[in-house]
*Asks:* 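After the structure tokens below, expect a handful of questions from me.
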Amino acid sequence: MCGIIGYIGSKKASTILLKGLKNLEYRGYDSAGIATNHATGHIEVRKSVGKIEEIARRLNFESFEGNIGIAHTRWATHGAVTDENAHPHTDCEGKIAIVHNGIIENYRELREQLISKGHRFTSDTDSEVIAHLIEENLQYGFEDACMKAFDSLEGSYAVLALKEDEDKIVGARKDSPLVLGIAEHGVFLASDIPSFLEWTNKVVYLNNYDFIIAERGGVKVYNDGKEVSRHIDTVEWNVEEAKKGEFKHFMMKEMSEQAETIMRALQQDKNTVWDIVDEIKNAFGVFFVGCGSSYHACLAGSYLFSKVAKVHVNAVLASEFENYEHFLTDRTLVFAVSQSGETADILLAVRAAKRKESRVIGITNVVGSSLTMEGHALIMMNSGPEICVLSTKTYTSQVVLMTMLAYAVAGKYEDGLEKIGGLYLEVYNLTSRTMRDSLTTLAEILCDKWDIYLIGRGLQYTTALEAALKIKEVSYLHAEAFAGGELKHGPLALIEEGTPCIVFVSSENRSKILSNAEEVKSRGGYIIGVSSEQDDLFDFWIKVPEAEELNPIVQIIPMQVLAYELAVLRGLDPDKPRNLAKSVTVI
Ligand code: AGP
């Protein structure tokens, strides 16, 4: 939920860290800070509440001296959003500084022990114990003190530490992401690759329990007390992909990339696809597990498998997966679906499945994420970096992968590829100027409403759920989705004169869903139709192509745009909705 970055090299650390922090801001954005090992040998820390750009100006980050430093952007978990709780945290003497992403579960006991030994704490965070634990063990030297400190932590951590007069950064990871970037002028340790992509695309994916010492002369990695060698990879992502370019917001940029990203999702190794198809056919119980938008993609997948492949799969929220654990055996197949590959609930589900010897296939977008290392097999989404907190292009890629797998299991892999490939122009047009203008008009109608309801049947129900999530998370308007047939079982009571209801229509269920829309209309509802054909019932019409089992792709894109336009009209930042973070690494 937070982002960390460290740099040691020949360049000015503060300039590099500030850029890195801006790239990491999507991971958390309530406060931020930097610590550098000053040219004169002492540690200097500046941190505060607010957005990075503004904090950097106010605290004059650029004026920091030194070319070793660590930095942090925070999404509060333990302790309020205050200057004191912002990272970096220091020991009693201000000689050690640390940044941490994760949760220290035993921090209360550690804190009490440290206080009884005379340590003085200045924040309410779980992270501050790390700085004091290192201080407590300093008689063993900085590196061993760090090792001892990290060994006593329970929970998850990616942590970086600096000490005055030490020309190095010491770091470690357990269940929180940390990657190493190797540039000609120095070394990076960070939560993700885009944070340092401007300087290098040479990366090392670190394993759980790796302990790292980064010095000017090179990097050493230890695991279980022994020095280990780790492979250096070259990533394909380019810097432009991680920048806004001509777009005002990442959200708009990422929505506009979908014609391309959908095609990239299809670029899978055929043999891997066939192996997975065999696994699905031979499994005794298949689960699609995810959170938020990834869960909605799983749900769409369950309908697609039923419709196209005639195979039963269970779509389960990762946070609810433990309730299904007694169904897991060594013949169960679990698809863990996660854009970030770092969502705590998903990783817990993966570990639960592995405990029962079930097979786990990860579907993720982030190279080197925990999910890429924890599953037995892997499908990469190939969407490129998604910076906006909202999933847009990665959601459609997940749905594409589900569709492609359903076709492959049905023995119609090539047909599936052709059908999805045929969507390129349609998808491209869904974010065109004309479409955006029409959706801006609709956003003007909706932006002062209290509630928006959305209905669909079958696959369109899953689109209604995802569209409602998009609207609420970015515009803060109440949006709620129902299966069309459920309206009469309660939700109709909510409809008043002018209540907006977005209706997702497909040729397959047209008459049924329109009759549900009629129920809303006759109680005064304002009907917004998302369909290929106009209807007298509609007060507003969003024209989309009829794409049958690909409707979840073509119908969600205008909804993403609508959500974006609502946020912009309401003066909100679509890339960083309040209270949310891109990678949800807490349960
Ligand atoms: C989507 O717009 C969200 N911000 C959120 O629901 C997200 O899909 C969820 O947190 C799961 O993330 P993951 O795909 O990285 O696991």
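Each ligand, and each atom within it, is numbered from 1 in the order the structure gives. Note that these values count all heavy atoms, side chains included, but never hydrogens, waters or copies made by symmetry.
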*Asks:* Salt-bridge test for K419 and E548: reply yes if a basic N is under 4.0 Å from a carboxylate O, no otherwise.
*Replies:* yes
*Asks:* Can you tell which of A581, S391, S340, S369 gets a heavy atom nearest to atom 15 (O) of ligand 1?
*Replies:* S340
*Asks:* Kindly write out the residues that satisfy side chain to side chain contact (heavy atoms under 4.5 Å, CB included) with E260, not counting sequence neighbours, or none if the list is empty.
*Replies:* Y424
*Asks:* Kindly compute the distance separating OG (S475) from CG (L566), expressed to the nearest 0.5 Å.
*Replies:* 5.0 Å
*Asks:* What protein heavy atom sits nearest atom 6 (O) of ligand 1, and how far off is it?
*Replies:* G292 CA, 3.2 Å
*Asks:* Using heavy atoms and a 4.0 Å limit, tell me yes or no: is K470 in contact with ligand 1?
*Replies:* yes
*Asks:* Taking only Lys NZ, Arg NE, NH1 and NH2, and the carboxylate oxygens of Asp or Glu, determine whether E198 and K19 approach each other closer than 4.0 Å.
*Replies:* yes
*Asks:* To check your reading of the model: name the closest protein heavy atom to atom 10 (O) of ligand 1, its residue, and the distance in Å.
*Replies:* V584 CG2, 3.9 Å
*Asks:* In the protein, which heavy atom is nearest to atom 9 (C) of ligand 1, and how far is it?
*Replies:* C291 O, 3.7 Å
*Asks:* Quick check: closest heavy atoms across S191 and V179, and the distance to 0.1 Å?
*Replies:* C-CG2, 4.3 Å
*Asks:* Please confirm whether S294 comes within less than 3.5 Å of ligand 1 when only nitrogen or oxygen atoms on both sides are compared.
*Replies:* yes
*Asks:* Taking only heavy atoms of L390 into account, list the atoms of ligand 1 that are under 4.0 Å away from them.
*Replies:* 2 (O)
*Asks:* Among all protein heavy atoms, pick out the one at the shortest distance from atom 12 (O) of ligand 1; state its residue, atom name and that distance to 0.1 Å.
*Replies:* T343 OG1, 3.6 Å
*Asks:* Evaluate V389 for polar contact with ligand 1, using N/O atom pairs at a separation under 3.5 Å.
*Replies:* yes
*Asks:* Quick one: look up the protein heavy atom nearest atom 1 (C) of ligand 1 and list residue, atom name and how far away it is.
*Replies:* S293 OG, 3.1 Å
*Asks:* Do the ring planes of H87 and H72 sit parallel (below 30°), tilted (30 to 60°) or perpendicular (above 60°)?
*Replies:* parallel
*Asks:* Can you pull out every salt bridge (charged side-chain N to carboxylate O under 4.0 Å, His left out) where at least one residue sits in residues 333-354? Sequence neighbours excluded, please.
*Replies:* D175-R351, R351-E374
*Asks:* For atom 3 (C) of ligand 1, what's the nearest protein heavy atom and its distance?
*Replies:* E473 OE1, 3.5 Å
*Asks:* Are any of the heavy atoms in L580 under 4.0 Å away from ligand 1?
*Replies:* no
*Asks:* Would you say the side chains of N429 and E426 form a donor-acceptor pair under 3.5 Å?
*Replies:* no
